[in-house]
Amino acid sequence: MVGWATQNGGTTGGGSAATTTVTNASALTSALNATGAAVIRVSGTISCSGMLRVRSNKTILGNSGATIAGCGLNISGDRNVIIRNLTFRDWNDDAINVQESATNIWIDHNSFSNGYDGAVDIKRGSDFVTVSWNRVFNHDKTMLLGHSDDNGSQDIGHLRVSYHHNWFDGSNQRNPRVRFGNPVHVFNNYYRANGGYGVASTEDAGVLVEGNYFENVDDTYHLGEGDSGPGRLVARNNHFVNSPAGQTGGSVASIPYPYQLDTASGVKSIVTAGAGAGRITV
């Protein structure tokens, strides 16, 4: 684990708690919503709808080929949650929604495709989140950070998120789209053929875009988006293939945690070899 999820006491999920294996929506719903620490293993394909509430101190792991189809996970006001090695597809709201001051969340090595709204949306004062080694493909609105321009009173001073080694594989926009958070760290991701844009910094956010690989992306990163006013963005050590350097401006708060930055020119091979579900054994 690297990034913001290591801060604020760290993120351990269910730790060494007892493991429960679930194979259907009812069992998954009950396990996610139970009080107390738990390690939950998802086996097979679970078909569901809507959003399933995830309570604090949970580790959710996908066994080989584990898939959640049709629904998503909602972490609302809870803390210390780990989600790894799952395939999400065809969700009808968000795939993973982190909201209402949820803290210490690690979303790692998952695959997302063909959903309705966000793959990973983080909003409403949530904080200390790492989103790492995920693959998003065949999808439009990828990762929103901060849900609206008028929510600064809840969001300013929070929404600190690290996005690293993700494969934004033709995902159209919001890779991520950021409001208010500072510093937000976007590093060592691989961007391929994103039709809308890569990164947008808005509403006085501070985003460091560092060591990423952009290939066939017409709009790599910029300030402002839609009706949202500009944020700040510092870009350094990125690698561009048939892609222009984007718009920068302003300063960004310093990164407080240690990290090792891969050389940007090697990020494509590193990320395509390792990102997404099925690339790790958990």
Side-chain touch D94/L144, heavy atoms, less than 4.5 angstrom
no

Determine, using the 4.5 Å side-chain heavy-atom cutoff (strictly less than), whether V178 and I156 are members of one ILVMFWY cluster.
yes

Check against side-chain contact (heavy atoms from CB on, under 4.5 Å), V2 and Q260:
CA-CA 9 Å; V2 178; Q260 182 173 337; over 6 Å; no

Would R177 and S228 count as a side-chain contact (heavy atoms from CB on, under 4.5 Å) if you check the C-alpha gap in whole Å, the side-chain angles of each, and the deciding distance to 0.1 Å?
CA-CA 10 Å; R177 184 197 199 280; S228 300; 2.9 Å; yes

Looking at S113 and R89, would you say the former's side chain and the latter's main chain have a donor-acceptor pair under 3.5 Å?
no

Can you tell if the side chain of M143 reaches within under 4.5 Å of the side chain of V136, non-hydrogen atoms only?
yes

Neighbour count >12 (heavy atoms, 6.0 Å) for atom CZ, F240:
yes

Where the side chain of N212 meets the backbone of V186, is there a donor-acceptor pair that is under 3.5 Å apart?
yes

Has the side chain of W4 got a donor or acceptor atom that lies under 3.5 Å from a matching backbone atom of P183?
yes

Given R124, which partner from the list H158, H147, Q154 fulfils the side chain to side chain donor-acceptor pair (under 3.5 Å) test?
H147

Rounded to the nearest 0.5 Å, how far does OG of S43 lie from CG of N24?
11.0 Å

Say you draw a straight line from OG1 of T142 to CG of D140; how long is it, rounded to the nearest 0.5 Å?
7.0 Å

With side-chain contact (heavy atoms from CB on, under 4.5 Å) as the criterion, how do V98 and I107 come out once you've worked through the C-alpha distance, each side chain's angles and the decisive distance to 0.1 Å?
CA-CA 10 Å; V98 180; I107 299 166; 4.3 Å; yes

How long is the gap from CG on N182 to OG on S254, to the nearest 0.5 Å?
9.5 Å

Walk me through whether L145 and R179 qualify under side-chain contact (heavy atoms from CB on, under 4.5 Å).
CA-CA 6 Å; L145 180 55; R179 293 177 172 98; over 6 Å; no

Side-chain heavy atoms nearer than 4.5 Å, only ILVMFWY residues, links allowed to pass through others: does that put F128 and M1 together?
no

Please confirm whether the backbone N or O of G211 pairs with a side-chain atom of N188, one donor and one acceptor, at under 3.5 Å?
yes

Side-chain heavy atoms of W106 within contact of S132, under 4.5 Å:
yes

Please tabulate, one pair per line, all N/O donor-acceptor pairs under 3.5 Å involving side-chain atoms of residues 59-70, not counting sequence neighbours.
residue, atom, partner, partner atom, Å
T59, OG1, G14, N, 2.8
N63, OD1, R41, NH1, 2.8
T67, OG1, G65, O, 3.1

Find the distance between CZ (F168) and CZ (R174) and round it off to the nearest 0.5 Å.
13.5 Å

Would you say the ring centers of Y259 and H164 fall short of 6.0 Å from each other?
no

Do T272 and R192 touch side chain to side chain, with heavy atoms closer than 4.5 Å?
no

Side-chain touch V209/F214, heavy atoms, less than 4.5 angstrom
yes

Output yes when a side-chain donor or acceptor of N238 lies under 3.5 Å from a complementary backbone atom of A245, and no otherwise.
no

Heavy-atom count around N216 CG within 6.0 Å, excluding the residue itself: above 12?
yes

Would you give the length of the straight line joining atom OG of S171 to atom CG of N134, rounded to the nearest 0.5 angstrom?
11.0 Å

Check for me, please, whether V217 and V199 land in the same ILVMFWY cluster - side-chain distances under 4.5 Å, paths through other members count.
yes

Can you see which heavy atom on Y257 is nearest to which on S162, and at what distance?
OH-OG, 2.7 Å

Any side-chain donor near an acceptor of the partner, N194 and Q173, under 3.5 Å:
no

Would you kindly say whether N92 and S49 are connected by a side-chain donor-acceptor distance under 3.5 Å?
no

Report yes or no: do V81 and V22 belong to one cluster of Ile/Leu/Val/Met/Phe/Trp/Tyr joined by side chain heavy-atom distances under 4.5 Å?
yes

Close side-chain approach of F187 to L208, heavy-atom, < 4.5 Å
no

Side-chain ion pair, E210 and R236, N-O less than 4.0 Å:
yes

Is the distance between the ring centroids of F112 and H139 under 6.0 Å?
no

With no hydrogens and no angle check, is any side-chain donor or acceptor of N172 less than 3.5 Å from a backbone partner on G196?
yes

Looking only at atom types and distance, does a side-chain atom of H239 sit under 3.5 Å from a main-chain N or O of V241, one as donor and one as acceptor?
no

Can you confirm whether T220 sits close enough to Y191 that some side-chain heavy atom of one is under 4.5 Å from a side-chain heavy atom of the other?
no

Does the S101 side chain pair with the main chain of G77, one donor and one acceptor, at a distance under 3.5 Å?
no

In Å, rounded to the nearest 0.5 Å, how long is the span from CZ of R135 to NE2 of H109?
13.0 Å

Under-4.0 Å salt bridge between K141 and D121:
no

Checking the side chain of N166 only, and the main-chain atoms of V131 only, is there a donor and an acceptor separated by less than 3.5 Å?
yes

Could you check T11, T12, T103, N104 and say which one makes a side chain to side chain donor-acceptor pair (under 3.5 Å) with N80?
T12

Quick one: does any side-chain atom of D204 pair with a main-chain N or O of F180 as donor and acceptor, under 3.5 Å?
no

Do W133 and V282 sit in the same hydrophobic cluster, where Ile, Leu, Val, Met, Phe, Trp and Tyr count as joined when their side-chain heavy atoms come under 4.5 Å apart?
no

Does a side-chain heavy-atom distance below 4.5 Å link N97 with M51?
yes

Check: residues 27-37 side-chain donor-acceptor pairs under 3.5 Å, at least two apart:
residue, atom, partner, partner atom, Å
T29, OG1, A25, O, 2.8
S30, OG, S26, O, 3.2
N33, OD1, R55, NE, 3.0

